[in-house]
There are 2 protein chains.
Amino acid sequence: MSSDLTARARIRDAAIELFAERGVDGATIRDIAQQADVSSGLLRHHFGSKEGLRDACDEWALNEVTKLSGRFTEFNTLDGFDTRIALLQRYLIRSTMDGSPAGQAIFDRMLEYGEQWLASTDLKVSDTRAFVAVLAVMKMSMFTMRDLMSRALDGDVTEPKQWGRMLQASLELFSQPLITPEQALQAQTAIDRLTAGKDKS
Amino acid sequence: MSSDLTARARIRDAAIELFAERGVDGATIRDIAQQADVSSGLLRHHFGSKEGLRDACDEWALNEVTKLSGRFTEFNTLDGFDTRIALLQRYLIRSTMDGSPAGQAIFDRMLEYGEQWLASTDLKVSDTRAFVAVLAVMKMSMFTMRDLMSRALDGDVTEPKQWGRMLQASLELFSQPLITPEQALQAQTAIDRLTAGKDKS
DNA sequence: TAATTTACTACACGGTTGTGTAGCCGAAGT
DNA sequence: ACTTCGGCTACACAACCGTGTAGTAAATTA
């Protein structure tokens with residue numbers, strides 16, 4: 001597809017793709033090298049080690065995403081449906097779940113952004129940090145559970161059609177209260193009971 | 001801790017714990033055997049292969065969770081904060097993300113349960129399936145992103161305190177609309193634009 | 001043109017993984 | 001008492017992993 005790139009860049013692209021698909025541990029150096037159409041030694045020559053390659057991918061993805069700044073975390077600007085961006089998303093989300101620094105950086109950025117957004121609204125929230133964090137992971141979940149969503153919707157959510165269904169659903173989900181005040185009260189007492197109760201270790 | 005069990009049961013328990021923690025690929029047979037205090041050969045003797053062990057764990061976890069039926073998927077009955085249940089949750093969620101049949105079964109159950117719940121409310125939803133699916137993955141996300149949440153909340157979310165903060169946040173999140181009708185309308189047009197647009201393949 | 005660095009490959013090395021094999025030991029059945 | 005059989009272990013094996021080494025061809029530099 002894109003073989004008019006530097007070998008180094010090809011390796012990076014292949015690594016991002018396979019890391020995103022199978023995880024860092026799941027993707028082998030040899031597979032990455034083969035996909036980039038180079039020897040596995042060249043990979044080592046350019047990036048030193050597998051972790052070096054991971055770091056390079058993280059850094060590149062982070063920069064790339066920074067260029068596109070708002071488009072990543074913002075909800076209503078996801079309309080620019082680009083395969084490249086989707087791949088970046090998958091890679092970074094995978095990195096985030098694998099606990100890599102780049103992933104944590106992205107998540108921290110999402111938290112910060114969420115807090116700014118929350119401050120601009122007049123929502124009643126008792127624990128800002130927790131609220132924003134929960135909201136952030138929920139936003140991400142549509143991507144982390146990509147395979148599950150595709151199965152549930154009976155179609156690849158990478159395609160615009162299913163993607164749209166997901167966005168539509170999340171929109172409706174966030175624009176109306178899902179539980180009634182009575183149910184909320186009931187849940188509240190349950191939570192209070194939990195919080196007050198001693199932990200049985 | 002619990003060494004008065006059959007060796008077979010000890011192996012199963014150890015496998016579930018390590019599978020939940022490191023994933024099926026991440027946990028080695030030898031580690032599981034060591035944690036169960038048996039030889040790695042015995043594991044093979046009882047379960048045939050690693051996949052056999054995985055299947056056995058899936059089946060056991062599925063049965064176990066069926067016994068406790070509602071407690072797993074239901075929102076406001078999570079107050080029975082039990083370490084065993086928490087472990088089961090982690091294992092099944094991990095299985096779900098790894099694409100195992102047991103995980104898919106659990107997810108399907110959540111979808112079915114969600115559709116029943118949705119029918120009992122008077123929420124306005126354009127795409128039932130998508131709505132329920134998105135809601136399901138969002139509910140799960142608090143557990144799948146456990147490490148991330150712990151970092152954001154600056155404390156292990158397995159502990160009742162942080163757990164309570166999470167539940168509280170999700171409660172507040174679901175009991176009020178997060179975006180205003182104007183914002184919803186704006187997002188709606190964005191989604192429509194996406195859905196109508198041709199995919200540039 | 002000669003020298004030195006750079007891009008790149010082929011191949012071997014320990015270590016770990018899942019799996020296979022041979023055998024020990026104690027209990028149950030006859 | 002002897003056999004049988006399941007629980008259980010020790011050990012070997014092939015495959016695969018990340019890594020290290022040696023060497024070649026091409027580009028850069030002087």
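Numbered from 1 within each chain, the chains take letters A, B, ... in sequence-line order.
Of the two residues contacting DNA chain D, namely B:L43 and A:D25, the nearest-nucleotide position lying further toward the 5' end is that of B:L43. Summary of the strand contacts: A:S39 and B:G26 both lie near DNA chain C, and taking for each the nucleotide with the nearest heavy atom, the more 5' one is attributed to A:S39.
Closest to the side chain of A:K50, out of C:dT19, D:dT19, C:dA7, is D:dT19. Listed nucleotides: C:dG18, C:dT9, D:dC8. Nearest to the side chain of A:L42: C:dT9. Side-chain proximity of A:H45 to the nucleotides D:dG18, C:dG18, C:dC8 is greatest for C:dC8. Among the nucleotides D:dT19, D:dA12, C:dC8, the one closest to the side chain of B:R30 is D:dA12. Of all nucleotides listed (D:dG7, D:dT19, C:dG18), C:dG18 comes nearest to the side chain of B:T28.
Residue contacts shown for A:A27 are limited to sugar-phosphate atoms, with no base heavy atom under 4.0 Å away. Looking at heavy-atom distances under 4.0 Å, A:R8 makes no contact with the nucleic acid at all.
Atom-to-atom distance recorded for B:Q183:CD and B:L185:CG is 11.0 Å, nearest 0.5 angstrom.
Between the CG atom of A:L53 and the P atom of D:dT19 there is a distance of 10 Å, rounded to whole Å. Rounding to whole angstrom units, CZ of residue B:F47 and C1' of D:dC8 are separated by 14 Å. Taking atom CD1 of B:I29 as the reference point, atom C1' of D:dT9 lies 15 Å away to the nearest angstrom. A:L18 places its CG atom 16 Å from the C1' atom of D:dG18, with the value rounded to the nearest Å. Taking atom CZ of residue A:R10 and atom C1' of nucleotide C:dA7, one finds them 12 Å apart after rounding to whole Å. Taking atom NE2 of B:H46 as the reference point, atom C1' of D:dT9 lies 12 Å away to the nearest angstrom.
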Check against salt bridge (charged side-chain N to carboxylate O under 4.0 Å, His left out), B:D31 and B:R22: CA-CA 11 Å; B:D31 285 343; B:R22 313 179 196 171; 3.0 Å; yes

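Salt-bridge annotation for B:R54 and B:E51: absent, with no side-chain N of the basic residue lying under 4.0 Å from a carboxylate O of the acidic one. B:E112 and B:R109 are not joined by a salt bridge, as no carboxylate oxygen comes within less than 4.0 angstrom of a charged side-chain nitrogen.
Here the closest non-hydrogen pair linking A:G99 and A:Q104 is O-NE2, 3.7 Å.
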